[in-house]
2 protein chains.
Amino acid sequence: METNEILVALTAIAQSSRLAVFRFLVQAGEEGRPAGKIAEALDIPPSSLSFHLKELYSAGLILQRQDGRSLIYSANYARMNAVISYLTENCCNGQSC
Amino acid sequence: METNEILVALTAIAQSSRLAVFRFLVQAGEEGRPAGKIAEALDIPPSSLSFHLKELYSAGLILQRQDGRSLIYSANYARMNAVISYLTENCCNGQSC
DNA sequence: ATTATAATTCGACTATTCTAGAAACATGGA
DNA sequence: TCCATGTTTCTAGAATAGTCGAATTATAAT
């Protein structure tokens, strides 16, 4: 992953509604949750939530699938792990830490 | 670590100059680097760098020590690891990921 | 077709953050 | 004490991000 993608992912997650949404989905597992349930669980107005989901989605941190008229979102664990790896890359100048 | 501290840390690192500074320090190891060297290496004007170092410092992501008239900054690995742990906490609803 | 439901996009507004020159502050050496 | 050096603080303008009601789109059920 290149620096700019990392930055986009970090920016996406560094906002209180989005951090809450992302964690909610991380904890929900592969199954995910429809937008409406997320809005309800976290008490975020639909138009605001939609704005935040778009950010997370375009950062690659969440996945989307359709089921009837619901859009179901789930965490993209692979991308989360890639971001984490980037942060610790070439860490500590050879020492332990 | 509580949610708000995590948010402050993520916000601190989710900015291009600060991400560059943080990685530079992560790679520099315990020894750290004086502000002037960071500014030079990353080509950031001193006053801008100072603004960013303050953000990183108050987010707890970097440490500061004085040596003569230099201020030497280094990465706070413990805090970085705490942030990473938070993101993966209660992950995946029991499944692997 | 009509109506209901799920969610998104639009738009206008507010708030926050970034930038970097100039000025100030602190330390060390002559 | 005076000057040079390293860094920070101040300031104000520019840029970016967040909020959410109203309108719109898409799917499904009757």
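Numbers restart at 1 for each chain; the letters A, B, ... are given by sequence-line order, proteins then strands. It should be emphasised that the depicted structure is a prediction, and the values quoted were computed from it without experimental measurement.
- Scanning for side chain to side chain contact (heavy atoms under 4.5 Å, CB included) contacts around A:Ala20 gives A:Leu42, with sequence neighbours left out.
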Polar atom pairs (N or O), protein with nucleotides 1-4 of chain D, under 3.5 Å:
residue, atom, partner, partner atom, Å
D:dA4, N3, B:Arg69, NH1, 3.2

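- With sequence neighbours excluded, the residues forming a side chain to side chain contact (heavy atoms under 4.5 Å, CB included) with A:Ala9 are A:Leu61, A:Val83, listed by chain and number.
- What separates CG of A:Leu42 from P of D:dG18 is a distance of 16 Å, to the nearest Å.
- The shortest heavy-atom contact between B:Phe22 and B:Ile62 is CD1-CG2, 4.2 Å.
- The stretch residues 52-67 of chain A comes close to DNA chain D through A:His52, A:Gln66, each having a heavy atom under 4.0 Å from the strand.
- Here the P atom of nucleotide D:dT7 and the CD1 atom of B:Ile44 are 13 Å apart, to the nearest Å.
- For residues 63-77 of chain B, no pair satisfies salt bridge (Lys or Arg N to Asp or Glu O under 4.0 Å), with sequence neighbours left out.
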Begin with the C-alpha distance, continue with both residues' side-chain angles, and end with the deciding distance and a verdict on side-chain contact (heavy atoms from CB on, under 4.5 Å) for A:Leu19 and B:Leu87. CA-CA 9 Å; A:Leu19 182 57; B:Leu87 292 177; 4.0 Å; yes
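- Among all heavy-atom pairs drawn from B:Met1 and B:Ala82, the shortest one is SD-CB, 3.5 Å.
- B:Leu71 and B:Tyr57 fall within a single hydrophobic cluster, where Ile, Leu, Val, Met, Phe, Trp and Tyr are joined by side-chain heavy atoms under 4.5 Å apart, directly or via other members.
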Measure all distances between protein nitrogen or oxygen atoms and nitrogen or oxygen atoms of nucleotides 21-23 of chain D, and list the pairs falling under 3.5 Å.
residue, atom, partner, partner atom, Å
D:dG21, N7, A:Ser47, OG, 3.1
D:dG21, O6, A:Ser47, OG, 3.1

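- Residue pairs satisfying the side chain to side chain donor-acceptor pair (under 3.5 Å) criterion with at least one member in residues 40-49 of chain A, sequence neighbours excluded, are absent.
- More than 12 heavy atoms of other residues, nucleotides or ligands sit less than 6.0 Å from atom CZ of B:Phe24.
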Show your working on side-chain contact (heavy atoms from CB on, under 4.5 Å) between B:Val21 and B:Ile44 and close with a plain yes or no. CA-CA 10 Å; B:Val21 168; B:Ile44 300 172; 4.2 Å; yes
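- The separation between B:Ile72 atom CD1 and D:dT7 atom P is 8 Å, rounded to whole Å.
- Applying the side chain to side chain donor-acceptor pair (under 3.5 Å) test to residues at least two apart or on different chains, the pairs with a partner in residues 3-26 of chain B are A:Tyr86-B:Arg23, A:Glu89-B:Arg23, B:Thr3-B:Tyr86, B:Arg18-B:His52.
- Contacts between chain B and DNA chain C, taken as any atom within less than 4.0 angstrom of a protein heavy atom, begin and end at C:dC18 to C:dG28.
- Counting all heavy atoms, side chain and backbone alike, A:Gly29 lies closest to A:Ser74 at O-CB, 4.2 Å.
- Separating the NZ atom of B:Lys37 from the P atom of D:dT5 is a distance of 14 Å, rounded to the nearest angstrom.
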Give the C-alpha distance, both sets of side-chain angles, the deciding distance and a yes or no for side-chain contact (heavy atoms from CB on, under 4.5 Å) between A:Ile38 and A:Leu53. CA-CA 10 Å; A:Ile38 303 172; A:Leu53 287 171; 4.3 Å; yes
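- Evaluation of the side chain to side chain donor-acceptor pair (under 3.5 Å) rule for A:Gln64 yields A:Tyr73 as partners, not counting sequence neighbours.
- Residues from residues 11-19 of chain A that place a heavy atom under 4.0 Å from any atom of DNA chain C: there are none.
- Partners of A:Thr88 according to the side chain to side chain contact (heavy atoms under 4.5 Å, CB included) rule, which considers only residues two or more places apart in sequence or in another chain, are B:Met80, B:Ile84.
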